[in-house]
Amino acid sequence: MYDMRRRKVIALLGSAAAAWPLAASAQQLANLPTIGFLGPSTSSLDSHRVGAFVQRLRELGWIEGGTVAIQFRWAEGRTERLAEIAAELVGLKVNVIVTS
């Protein structure tokens, strides 16, 4: 009986230790300034814009996941969705919304 409880405690402590970095990482990202990126098409069609945007941020010292978080949203060519997606980004309390 004692062995079984001991194994459960060890397993519980092991899983808590494994989850700790993930929780800390999620909390750290939540505290970063956040950019909302609203793309009118799709991520694959706008990959060159996104790449240039992220590269320029990096050149200015803003590293995605390090010093800034970016929330990407795509309208997938449906312009009627732009207002809805912009409202979603506002609801996420992003610091700025970037669009093309």
Side-chain angles (χ1 to χ4, degrees):
M1 176 92 165
Y2 173 75
D3 259 358
M4 190 182 323
R5 276 194 294 199
R6 182 172 175 237
R7 283 185 215 152
K8 284 182 182 179
V9 168
I10 290 171
L12 179 64
L13 290 174
S15 25
W20 184 267
L22 297 175
S25 176
Q27 185 177 16
Q28 182 183 19
L29 285 176
N31 293 329
L32 293 177
T34 303
I35 299 170
F37 188 100
L38 174 53
S41 62
T42 65
S43 61
S44 60
L45 289 176
D46 266 350
S47 63
H48 63 286
R49 280 192 186 110
V50 170
F53 177 68
V54 171
Q55 176 61 36
R56 185 61 182 144
L57 284 174
R58 193 174 305 123
E59 291 167 1
L60 295 170
W62 294 96
I63 309 301
E64 183 180 8
T67 57
V68 67
I70 305 175
Q71 290 287 328
F72 292 96
R73 298 294 185 273
W74 303 99
E76 299 177 355
R78 296 173 44 209
T79 56
E80 69 275 6
R81 292 196 61 228
L82 291 172
E84 171 192 339
I85 297 169
E88 177 187 347
L89 290 170
V90 169
L92 291 172
K93 298 186 183 339
V94 298
N95 298 94
V96 65
I97 297 175
V98 175
T99 189
S100 59

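For this chain, numbers begin at 1 and follow the sequence in order.
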Checklist entry - Going only through I, L, V, M, F, W and Y residues with side-chain contacts under 4.5 Å, is there a path from Leu92 to Ile97? => result yes
Item to check | Straight-line distance of Ile70 CD1 to Leu32 CG, nearest 0.5 Å | outcome: 10.5 Å
Checklist entry - Is there a chain of hydrophobic side chains (I, L, V, M, F, W, Y, each step under 4.5 Å between heavy atoms) that links Val94 to Phe72? => result no
Checklist entry - Any donor and acceptor pair, going by atom type alone, linking the side chain of Asn95 with main-chain N or O of Pro33 inside 3.5 Å? => result no
Next on the checklist: Could you check whether Phe37 and Trp74 have their ring centres less than 6.0 Å apart?
Outcome noted: yes
Item to check | Distance in Å, Leu82 CG paired with Arg73 CZ, rounded so as to fall on 0.5 Å steps | outcome: 14.0 Å
Checklist entry - When rounded to the nearest 0.5 angstrom, what is the spacing between CZ in Arg78 and OG in Ser41? => result 13.5 Å
Checklist outcome for this item: Per side-chain contact (heavy atoms from CB on, under 4.5 Å), Pro40 is matched among Asp46, Leu45, Thr79, Ile85 by Asp46
Item to check | Distance in Å, Phe53 CZ paired with His48 NE2, rounded so as to fall on 0.5 Å steps | outcome: 14.0 Å
Checklist outcome for this item: Closest heavy-atom pair, Ser44 versus Ser47, reported as atoms and distance to 0.1 Å, is O-OG, 3.2 Å
Checklist entry - Which distance, rounded to the nearest 0.5 Å, do you find between the CD of Gln71 and the CG of Leu38? => result 12.5 Å
Checklist entry - If you measure from OG1 on Thr34 to NZ on Lys93, what distance do you get to the nearest 0.5 Å? => result 12.0 Å
